[in-house]
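Take a look at the structure set out below.
Residues take their numbers from the sequence shown, with the count starting at 1.
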Amino acid sequence: MLLKDFYTIISLENIADSKYKAVILVNEKHEVFKGHFPGNPIMPGVCMMQIIKELTEQITGSALFMQSLSNVKFMALINPFNTPELLLDLDVTATEDNLIKVKNVSYFGETVALKLSSVYRKV
């Protein structure tokens with residue numbers, strides 16, 4: 001975990017072939033939220049991208065390097081005090097050239113917060 005104690009994985013399960021569902025609990029007391037933003041904490045987008053990478057590393061059992069991102073859409077602000085529990089749907093597939101492709105939808109409750117497609121290279 002790049003940011004120590006930033007989140008806890010409540011569950012990570014393979015629900016079908018390449019599809020995974022994760023539930024995480026964000027630590028609203030983490031130092032990141034004191035600066036982003038004081039009095040109005042918001043999950044930094046780069047932190048969400050890191051969480052997706054770390055979950056994918058756990059799924060694949062490999063260290064990964066982010067090669068590219070596409071279709072990145074931040075659709076709702078995540079306030080860790082109001083909605084600390086996040087749900088992430090991941091579709092993780094390996095390619096013939098040893099890359100890992102991920103399609104992600106992250107949400108809290110019924111609200112979609114992030115849609116993202118990424119490609120990682122094993123390191």
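Inter-residue side-chain proximity for K53 and T56 is flagged as unmet; no heavy-atom pair is nearer than 4.5 Å. Side chains of N79 and P41 form a contact here, defined as non-hydrogen atoms less than 4.5 Å apart. Side-chain contact check for I52 versus L90: some heavy-atom pair is nearer than 4.5 Å. Side-chain contact check for I9 versus L55: some heavy-atom pair is nearer than 4.5 Å.
Looking at I42, T83, V26 one by one, the single match for side chain to side chain contact (heavy atoms under 4.5 Å, CB included) with I78 turns out to be T83. Residue Y20 is tested with I59, N104, V102, L88 for a side chain to side chain contact (heavy atoms under 4.5 Å, CB included); the sole match is I59.
No donor-acceptor contact under 3.5 angstrom links the side chains of E54 and Q58, judged on distance only.
The backbone N or O of T95 lies less than 3.5 Å from no partner atom in the side chain of K101, so there is not a single donor-acceptor pair.
Annotation: the span from I51 atom CD1 to I24 atom CD1 amounts to 4.0 Å, rounded to 0.5 Å. Taking CD1 of I100 as the reference point, atom CD of E57 lies at 10.5 Å (rounded to 0.5 Å).
Judged as a salt bridge (Lys or Arg N to Asp or Glu O under 4.0 Å), the pairs with a partner in residues 14-41 (not counting sequence neighbours) are, in order, K19-D91, K21-D89, E31-K34. For residues 59-84, no pair satisfies salt bridge (Lys or Arg N to Asp or Glu O under 4.0 Å), with sequence neighbours left out. Annotation: ring pair (Phe, Tyr, Trp, His ring centres under 6.0 Å) contacts involving residues 23-70, sequence neighbours excluded, comprise F6-H30, F6-F33.
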(request) Determine, stepwise, if the pair L86 / S106 fulfils side chain to side chain contact (heavy atoms under 4.5 Å, CB included). (result) CA-CA 7 Å; L86 303 177; S106 299; 5.9 Å; no
All N/O donor-acceptor pairs, side-chain side in residues 114-123, below 3.5 Å, sequence neighbours left out:
unit_1 : atom_1 : unit_2 : atom_2 : d
S118   : OG     : Y120   : OH     : 3.2

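Cluster partners of V112, using a side-chain heavy-atom cutoff of under 4.5 Å among ILVMFWY residues and allowing indirect links, are I10, V23, L25, M75, L87, V105, Y107.
No continuous path of ILVMFWY side-chain contacts below 4.5 Å connects L3 to F81, so the two sit in separate hydrophobic clusters. No continuous path of ILVMFWY side-chain contacts below 4.5 Å connects I15 to L12, so the two sit in separate hydrophobic clusters. Hydrophobic clustering (side-chain heavy atoms under 4.5 Å, transitive across Ile, Leu, Val, Met, Phe, Trp, Tyr) keeps V32 apart from L77.
Taking the salt bridge (charged side-chain N to carboxylate O under 4.0 Å, His left out) definition, one finds that K103 meets it with nothing, sequence neighbours left out.
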